[in-house]
Amino acid sequence: PVFAGMNGSAIENFSCVIYNVFLMNCTWQAGRDAPADTQYFLYWQKSRDDEEVECDLYIKDENGRNMGCIFQNVSIGTETAYFMVNGSSKDSLIQFYDEYIDLYKIEILTAPLNVTAHCTRDSAGCIIMWNPPLTSHMRKGKCFQYEISIQNK
């Protein structure tokens with residue numbers, strides 16, 4: 001059955017972020033009613049055409065339980081990715097957790113690059129220039145909006 005396993009044993013508070021262009025960090029908490037020996041395993045599938053891949057770099061808590069994962073070399077496409085965390089315990093069946101996520105929605109962008117300011121003493125003021133931040137899914141700099149906060153005049 002799809003929801004086989006003890007109620008309250010599936011993970012909670014699942015969250016993923018993509019940062020530094022190609023790193024993805026996913027974290028979760030153990031189910032509130034999961035047995036103490038429960039171990040969790042994360043699998044993800046970037047798109048329907050890709051193979052399902054298990055995490056190969058787990059983040060462990062003080063008891064050695066997998067509570068997160070770091071993925072390297074992640075590229076962001078326009079398709080929705082599928083995430084599934086299942087668990088095992090010698091005491092009972094553990095419910096799985098799954099979620100579909102649009103990867104571009106969880107990316108934390110880097111700051112703009114090569115920021116320069118050229119100021120003159122006359123009334124011309126300052127010219128501030130920069131390059132768009134690095135990202136793996138947007139190719140056009142015009143997709144970004146910027147806000148400048150001038151602290152000292």
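Only this structure's heavy atoms are used, side chains among them; waters, hydrogens and symmetry mates stay out.
- Atom CE of residue Met6 and atom OG of residue Ser92 lie 4.0 Å apart, to the nearest 0.5 angstrom.
- To the nearest 0.5 Å, atom CD of residue Glu99 and atom OG of residue Ser15 are 8.5 Å apart.
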Residues Glu51, Gln45; criterion side-chain contact (heavy atoms from CB on, under 4.5 Å); working and verdict:
CA-CA 6 Å; Glu51 293 288 322; Gln45 189 175 6; over 6 Å; no
Show, in sequence, the C-alpha distance, side-chain angles and deciding distance for Trp130 and Thr116, and conclude whether the side-chain contact (heavy atoms from CB on, under 4.5 Å) test is met.
CA-CA 6 Å; Trp130 60 87; Thr116 59; over 6 Å; no
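- Taking 4.5 Å as the limit, some side-chain heavy atom of Trp44 sits within range of a side-chain heavy atom of Val53.
- At distances below 3.5 Å, not a single donor-acceptor pair connects side-chain atoms of Arg65 with backbone N or O atoms of Lys60.
- In terms of heavy atoms, Ser89 sits closest to Ile94 at CB-CD1, 3.9 Å.
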Run the side-chain contact (heavy atoms from CB on, under 4.5 Å) check on Leu103 and Ile18 step by step: do they pass?
CA-CA 8 Å; Leu103 296 180; Ile18 296 175; 3.9 Å; yes
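- Here the straight-line distance linking atom CD1 of Ile106 with atom CD1 of Ile76 works out to 7.5 Å at 0.5 Å rounding.
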Side-chain donor-acceptor pairs of residues 22-33 under 3.5 Å, sequence neighbours excluded:
unit_1	atom_1	unit_2	atom_2	d
Trp28	NE1	Asn66	O	3.1
Gln29	OE1	Asn13	ND2	2.4
Arg32	NH1	Glu12	OE2	2.2

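- Here the CE-CD distance, from Met84 to Glu54, works out to 9.5 Å after rounding to the nearest 0.5 Å.
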Please determine whether side-chain contact (heavy atoms from CB on, under 4.5 Å) holds for the pair Tyr19 and Glu107, giving the CA-CA distance in whole Å, both sets of side-chain angles, and the decisive distance to 0.1 Å.
CA-CA 6 Å; Tyr19 60 98; Glu107 183 177 21; over 6 Å; no
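- In this structure, Gln72 places its CD atom where only 12 or fewer heavy-atom neighbours from other residues, nucleotides or ligands lie under 6.0 Å away.
- Pairing each heavy atom of Asp91 with each of Pro35, the nearest pair is OD2-CB, 4.0 Å.
- Scanning both residues, Gly87 and Tyr40, for their nearest heavy atoms gives CA-CD2, 4.0 Å.
- Between Ile59 and Met67 the shortest side-chain heavy-atom distance does not fall below 4.5 Å.
- Heavy-atom minimum distance, Phe71 versus Cys55: CE2-CA, 3.8 Å.
- Checking side-chain atoms of Asp61 against main-chain N and O of Asn63 turns up a donor-acceptor pair under 3.5 Å.
- Between the side chains of Asp98 and Tyr82, at least one donor-acceptor pair of N or O atoms lies under 3.5 Å.
- Scanning all heavy atoms of the two residues, the minimum distance from Pro132 to Tyr146 falls at CA-OH, 3.2 Å.
- In terms of heavy-atom proximity, Ile128 sits nearest to Ile148 at CD1-CG2, 4.2 Å.
- Atom CG of Leu42 sits about 10.5 Å away from atom CG of Asp56, to the nearest 0.5 Å.
- Under a hydrophobic clustering in which Ile, Leu, Val, Met, Phe, Trp and Tyr are joined whenever their side-chain heavy atoms come within less than 4.5 Å, directly or via other members, Val85 and Leu93 fall into different clusters.
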Audit row: Phe14, Tyr97, ring pair (Phe, Tyr, Trp, His ring centres under 6.0 Å) steps and yes/no:
CA-CA 9 Å; Phe14 182 77; Tyr97 172 91; 5.5 Å; yes
